[in-house]
Each structure stands twice: as C-alpha cells, then as structure tokens.
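Here's the structure, in structure tokens; my notes come after.
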Amino acid sequence: MEIDPSEILIRYNVKMEKSMTPDEAAAELYPTDEMIRPIAEAIYEGEEDDVIEGLDAAIAAGKDPIALIDDALMVGMGVVTQLYDEGVIFLPNVMMSADAMLDGIEYCKDKSGTTPETKGTIVVHVAEGDVHDIGKSIVAALLRANGYDVVDLGRDVPVDEVIAAVKEHNPLMVTGTALMTTTMYAFKAVNDKLLEAGIKIPFACGGGAVNQDFVTTYELGVYGEEAADAPKIADAILSGNKDIGKLREQFHHH
Ligand code: B12
C-alpha cells in the first residue's frame, strides 16, 4: 500500500484539533532527568545520531553504559509504545524508534567494554515468524554484561536452527522471545524437539505475548517477565539449580 504522508498529516490535524499533537503528547511523557531526557526524545524522534550523542554525554558524566539501556533507551521506547497503544503515533514511527533503540543498545554494549571471564554459553533467539527483536537484544546485552557468552541467533529463527545451535554450542540454557500470540507456539516445537534429542536444559521464555501460564504448558519452559530475569535465571542454573520445577518455584509468580 502506498502511503501518502500529506494525508496522514491531514488526519493528524483532524484527530488532534481538540487535543495535543503527537509531539506535545510525547513531551508530557519524557523523564525529567536532564541526562536521560535527550536520549528518550531522540528515541521518540527516531534520530540515531542524537541517541548516540545523548548516550555519549551520559557516559562521559559517569553513567554506566549497560544501565543506560534500561534507564534511558527503554524509557524512550516506553514513550513510543504508550503513544502507539493510544493511537497517537503509527507503525512507521515505531519502526524508526525501534531502529534508533537497537543502535543505542549496540553502542552501549560496545562502550561497556567489560569482557568479564565467561560464565557459560547461552543461545538466544526470537521465535520463528516473529521479527520483534528489541526485547531479545536487551536480554542478550544483559546476559553479556553479566559475563555470559551469548550466541544470538537473531529474529524469526526456524525451530530447527535453534535445535542445531543448541547441539553445536551445548549452552547452559536457551532463551526465546515472542511478541505475537501466533508465533509463541514455536516455543512448544523447540521444547519438543529438544526433548526428542534428549536435551533437557532450561528454556527461558519471555516477550510481550508470552505469559507464565503458557510457558508452563511445556516441560522445559521457565517464564521471565523482564530482561533482567535472564541473567538471574542463568546465575541460578550456574549455582546448581538445573531443575526446571525449582527454577519455576524461584522465578514464577505464585
Ligand atoms: C516495536 C513494535 C514493532 C516493530 C518491531 C521492531 C523490532 N525491531 O523489534 C515493527 C514496526 C517492525 C513491528 C511489526 C509488526 N508488529 Co509490532 N509492535 C511493536 C510494539 C509497539 C512494541 C514491541 C516492543 O518492542 N516492546 C518493547 C520490548 C523491550 O518488549 P519485549 O520484547 O516484550 O521485551 C521485554 C520483556 O518481555 C522481556 N523479555 C523479552 N524476551 C525475553 C526473554 C527472556 C528469557 C526473559 C527473561 C525476558 C524477556 O524483556 C524486555 C524488557 O524487560 C508492540 C506493541 C506493544 N505495546 O508491545 C507491537 C506488537 C507486538 N506488534 C504487533 C503486530 C501485530 C505487528 C505486525 C504483524 C504488524 C503488521 N500488521 O505488519 C508486524 C509483525 C511482523 C512479524 N512477522 O513479526 C502486535 C502483536 C499482537 C499479538 N499479540 O499477536 C503488537 C502487540 C501491537 C498490537 N497491539 O497489535 N512491530
């Protein structure tokens, strides 16, 4: 479908007559911290260069690059997600913001420079058919920041590719991210094929569409609500808790 930008603008005018423009709505939501605000604003505007500039200034002022992923980039993306949910902005805006966000994550990862001794390998992926990879990239960044070697298979990863990677890398655990109620069923397929191959490692799953009830329907599933749960689950496995039931006890809400 051809999108004529002038028509979108006309629609905005009609829709916004009585209320705020999208920019004004966004301005209400930005954080007040003067280091963080420009980064959040640049995410909303989808301006990669300004995101990097803002991150640079914050890092120069002593902020931890990895902490900035949650404290600044996620905050900016939160503004975008909220306005999208409210119908104030549309998918093309979200796409540009997502790209700026991913560039920012890469930059923070580079800047963190800490390459701690590896605690073990983890295979990370986005479910087959699903291109939403922001959450997965945060999970990967936090795992790396916490000393794990991450094999990042990317997005829309065929089930068999996940199984092949697990066989090749013999990881501590696998993570899966799904943002759509249709694609999350690929996790069940991954679970079944792992079991078929005699591989019984924890399969930590999360992402917008996924919930605890769904994840408990397959044997290896451990649900993680936030990206920060991924390194916590990995640490628990590392300290000897390899039992899926016990991991669920520790990480699921009861
Ligand atoms: C950004 C976005 C996009 C971007 C994605 C860019 C990218 N590179 O990722 C673009 C514009 C490309 C896009 C496309 C589409 N999208 Co979209 N998109 C979104 C949006 C606005 C935000 C998603 C997001 O990034 N959230 C932020 C991240 C950080 O959250 P997250 O991934 O859940 O991760 C967090 C946690 O879940 C956790 N986590 C994630 N994984 C894991 C794993 C482990 C182990 C752990 C512990 C934790 C964890 O960590 C993160 C932070 O704590 C949502 C709406 C919404 N409100 O969620 C729709 C949404 C996900 N999209 C949707 C749809 C339908 C689509 C399209 C089909 C639209 C279309 N008609 O073309 C296509 C999908 C194409 C495809 N095959 O995948 C629907 C899905 C509906 C459903 N439930 O099935 C949503 C919900 C919008 C809606 N309300 O309808 N989208």
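In each ligand, atom 1 is the first atom listed, and ligand 1 is the first ligand listed. As a basis for the values below, the full set of heavy atoms in this structure was taken, side chains included, without hydrogen atoms, waters or symmetry mates.
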Open item on the list: Under 4.0 Å between a side-chain nitrogen and a carboxylate oxygen: does that hold for K109 and E106?
Closed with: yes
Identify, for [atom], the protein heavy atom at the shortest distance, and state residue, atom and that distance.
{"atom": "atom 6 (C) of ligand 1", "result": "A98 CB, 3.7 Å"}
{"atom": "atom 87 (C) of ligand 1", "result": "Y84 CE2, 4.0 Å"}
{"atom": "atom 77 (N) of ligand 1", "result": "G129 O, 2.9 Å"}
{"atom": "atom 1 (C) of ligand 1", "result": "V94 CG1, 3.2 Å"}
{"atom": "atom 39 (N) of ligand 1", "result": "G207 N, 3.7 Å"}
{"atom": "atom 41 (N) of ligand 1", "result": "T177 OG1, 2.7 Å"}
{"atom": "atom 49 (C) of ligand 1", "result": "V139 CG2, 3.7 Å"}
{"atom": "atom 25 (O) of ligand 1", "result": "I134 CD1, 3.4 Å"}

Below the 3.5 angstrom mark, is there an N/O of [X], backbone or side chain, next to an N/O of ligand 1?
{"X": "A230", "answer": "no"}
{"X": "T81", "answer": "no"}
{"X": "T181", "answer": "yes"}
{"X": "E226", "answer": "no"}

Determine whether any heavy atom of [X] lies closer than 4.0 Å to an atom of ligand 1.
{"X": "M101", "result": "no"}
{"X": "G176", "result": "yes"}
{"X": "D99", "result": "no"}

Would you call D133 and L102 a side-chain contact if the rule is heavy atoms closer than 4.5 Å? yes
In the complex you have, is [atom] within reach of the protein, judged by whether a heavy-atom distance drops under 4.0 Å?
{"atom": "atom 90 (O) of ligand 1", "answer": "no"}
{"atom": "atom 72 (O) of ligand 1", "answer": "no"}
{"atom": "atom 79 (C) of ligand 1", "answer": "no"}
{"atom": "atom 67 (C) of ligand 1", "answer": "no"}
{"atom": "atom 8 (N) of ligand 1", "answer": "yes"}
{"atom": "atom 20 (C) of ligand 1", "answer": "no"}
{"atom": "atom 29 (C) of ligand 1", "answer": "yes"}

Just by modelled atom types, is the [Y] backbone N or O under 3.5 Å from a matching donor or acceptor in the [X] side chain?
{"X": "D130", "Y": "L179", "result": "yes"}
{"X": "D229", "Y": "E226", "result": "yes"}
{"X": "Y148", "Y": "D235", "result": "yes"}
{"X": "R248", "Y": "G221", "result": "yes"}
{"X": "D156", "Y": "G129", "result": "yes"}

Numbering the atoms of ligand 1 from 1, which are under 4.0 Å from a heavy atom of [X]?
{"X": "D130", "result": "78 (O)"}
{"X": "G224", "result": "46 (C), 47 (C), 48 (C)"}
{"X": "L102", "result": "8 (N)"}
{"X": "D85", "result": "57 (N)"}
{"X": "T175", "result": "45 (C)"}
{"X": "I138", "result": "29 (C)"}
{"X": "E225", "result": "36 (C), 37 (O), 38 (C)"}
{"X": "G208", "result": "33 (O), 37 (O)"}

Open item on the list: Looking only at side-chain N and O atoms, does H125 offer a donor or acceptor that is under 3.5 Å from a partner on E161?
Closed with: no
If you measure from [atom] to every heavy atom of [options], which option wins on shortest distance?
{"atom": "atom 2 (C) of ligand 1", "options": "H132, H125, Q82", "answer": "H132"}
{"atom": "atom 44 (C) of ligand 1", "options": "G206, P231, A127, G78", "answer": "G206"}
{"atom": "atom 65 (C) of ligand 1", "options": "M180, M184, M95, M96", "answer": "M180"}
{"atom": "atom 51 (C) of ligand 1", "options": "A227, A204, S97, S137", "answer": "A227"}

*Would L29 and I43 show up in the same hydrophobic cluster when neighbours are defined by side-chain heavy atoms closer than 4.5 Å?*
yes
The reported gap from NZ in K188 to OG1 in T217 (rounded to nearest 0.5 angstrom) is 3.5 Å
Tested for side-chain contact (heavy atoms from CB on, under 4.5 Å) against I39, the lone hit among L55, D33, I52, D50 is L55
Under 6.0 Å between ring centres: does that hold for F214 and Y223? no
Contact region, L179 to ligand 1, non-hydrogen atoms below 4.0 Å, reads both
